[in-house]
Amino acid sequence: MKKMNQETLCVQAGWNPKKGEPRVLPIYQSTTFKYETSEQMARLFDLEDNGYFYTRLQNPTNDAVAAKIAALEGGVGAMLTSSGQAANFYAVFNICQAGDHFVSSSCIYGGTYNLFGVTMKKLGIEVTFVNPDASDEEIIAAFRPNTKCLFGETISNPTLEVLDIEKFARIAHSQGVPLIVDNTFPTPINCRPFEWGADIVTHSTTKYMDGHATSVGGAVVDSGNFDWTKYPDKFPGLCQPDESYHGLTYTEAFGKMAYMTKATAQLMRDLGSIQSPQNAFLLNLGLETLHLRMPQHCKNAQAVAEYLSTNDKVAWVNYSGLPGDKYHALAQKYMPNGSCGVVTFGLKGGRDVAIKFMDSLKLAAIVTHVADARTCVLHPASHTHRQLTDEQLLAAGVRPDLIRFSVGIENANDIIADIEQALQC
Ligand SMILES: *Cc1c(COP(=O)(O)O)cnc(C)c1O
């Protein structure tokens with residue numbers, strides 16, 4: 001079948017009911033699946049047959065939604081995880097083990113920064129954070145013989161740096177490692193990192209993909225493009241026999257699906273951070289309107305950013321849709337139809353004024369969330385990034401006065417009127 005357009009994929013991809021089956025993706029609310037013979041079940045455990053046996057590894061509802069996300073990103077396969085944190089952990093841990101190292105942009109979500117810098121270190125995996133705007137040479141200098149991947153965020157949360165994906169892909173490939181990109185903020189509606197050389201994409205589906213703030217979730221998508229077999233010593237987990245599957249070698253048995261199969265058959269089996277089928281169902285409802293919501297988020301955010309940039313109580317505004325923004329050109333290249341609905345800004349007077357402003361908002365709610373249908377606001381230095389020291393805050397590019405304003409899909413005039421009244425308080 002001809003490759004469908006994104007709008008059609010949002011609505012239809014992943015679930016193709018046959019005669020008499022439900023039109024709407026059902027929730028397979030079952031931990032387990034029935035077989036006729038013991039032999040049939042045994043083959044599943046040897047990865048010799050495809051099939052469902054236990055929802056900790058795979059579930060049909062989840063797989064249909066993962067297939068939709070894979071189609072939207074243009075990948076060969078995907079898995080859903082219980083959260084975006086689990087997705088980023090799996091994406092890296094699938095190819096890194098104790099004694100390994102990886103390189104990451106320093107401009108990433110605070111939770112990912114902690115995961116990489118603190119928790120994965122305890123597992124014996126070291127990370128070096130680099131400034132994503134540094135030169136090729138400076139970034140390459142962070143690589144070591146045991147470096148296994150490069151990681152970045154398309155648009156960083158909350159600092160809104162736009163990643164030069166082609167540059168990062170070029171650097172990763174020159175060092176013989178894959179590029180992993182967290183594409184949560186633009187979503188595949190606004191940017192498809194595989195088209196620019198990324199090898200693996202991750203998502204916090206909690207954000208725009210669900211879009212209604214109902215379900216925490218994540219996804220890992222593989223382009224199938226990285227040739228692991230070129231570096232068999234670097235990626236033994238994929239290119240050498242897996243003891244836990246009777247000596248099966250993923251790259252030999254599964255080709256382009258090697259990475260996703262290992263992530264499912266080994267990591268999901270052993271770590272078990274599966275998304276619940278109920279959440280996958282809600283995520284799918286969100287995905288059905290993703291192509292309608294993203295342009296409205298972008299249109300509203302553009303109006304809010306323009307309003308803020310002309311207001312004399314505002315010290316600075318970051319939004320790549322503003323022509324003067326540092327990342328305007330990169331955003332035009334990678335996201336010509338718009339970036340995301342998140343705008344960040346600082347108020348004259350700094351931290352205290354920021355807190356008073358937020359407390360005065362009526363329509364925009366203070367919540368630890370971002371990227372959903374309802375406009376919301378957060379002060380990272382007091383909330384999400386509280387655990388970071390001032391030095392780490394600055395390294396992550398988070399100014400203490402930064403207000404993260406997540407513009408929803410209401411009417412832009414109402415959102416701006418709310419900001420205006422709060423600025424008067
Ligand atoms: C929120 C977020 C995460 C973490 O996702 P959860 O679903 O909250 O675990 C990871 N990356 C980015 C860019 C995010 O915005």
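Note: hydrogens, waters and symmetry copies are ignored here, and every other heavy atom, side chains too, is used. Just so we're clear, the structure is a prediction, and the values are computed from it rather than from any experiment. Atoms within each ligand, like the ligands themselves, are counted from 1 in listed order.
- His203 pairs in a side-chain contact (heavy atoms from CB on, under 4.5 Å) with only one of the listed residues (Asp182, Thr81, Asn88, Asn183), which is Asn183.
- Between Asp133 and Lys326 there is a salt bridge, since at least one side-chain N of the basic residue sits less than 4.0 Å from a carboxylate O of the acidic one.
- Under the 6.0 Å distance and 45° angle rule, Lys313 does not count as a cation-pi partner of Phe345.
- The one candidate from Leu378, Leu347, Val377, Val353 that meets the side-chain contact (heavy atoms from CB on, under 4.5 Å) condition with Met358 is Val377.
- With sequence neighbours left out, Asp372 forms a salt bridge (charged side-chain N to carboxylate O under 4.0 Å, His left out) with Arg374.
- The existence of a salt bridge linking Glu126 and Arg144 is confirmed by a sub-4.0 Å separation between a basic side-chain nitrogen and an acidic carboxylate oxygen.
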Can you list every pair where an N/O of ligand 1 is under 3.5 Å from an N/O on the protein?
{"residue": "ligand 1", "atom": "5 (O)", "partner": "Ser204", "partner atom": "OG", "Å": "3.0"}
{"residue": "ligand 1", "atom": "7 (O)", "partner": "Gly84", "partner atom": "N", "Å": "2.9"}
{"residue": "ligand 1", "atom": "7 (O)", "partner": "Ser204", "partner atom": "OG", "Å": "2.8"}
{"residue": "ligand 1", "atom": "7 (O)", "partner": "Thr206", "partner atom": "OG1", "Å": "2.6"}
{"residue": "ligand 1", "atom": "9 (O)", "partner": "Gly84", "partner atom": "N", "Å": "3.0"}
{"residue": "ligand 1", "atom": "9 (O)", "partner": "Gln85", "partner atom": "N", "Å": "2.9"}
{"residue": "ligand 1", "atom": "11 (N)", "partner": "Asp182", "partner atom": "OD2", "Å": "2.7"}
{"residue": "ligand 1", "atom": "15 (O)", "partner": "Asn157", "partner atom": "ND2", "Å": "2.8"}
{"residue": "ligand 1", "atom": "15 (O)", "partner": "Lys207", "partner atom": "NZ", "Å": "2.6"}

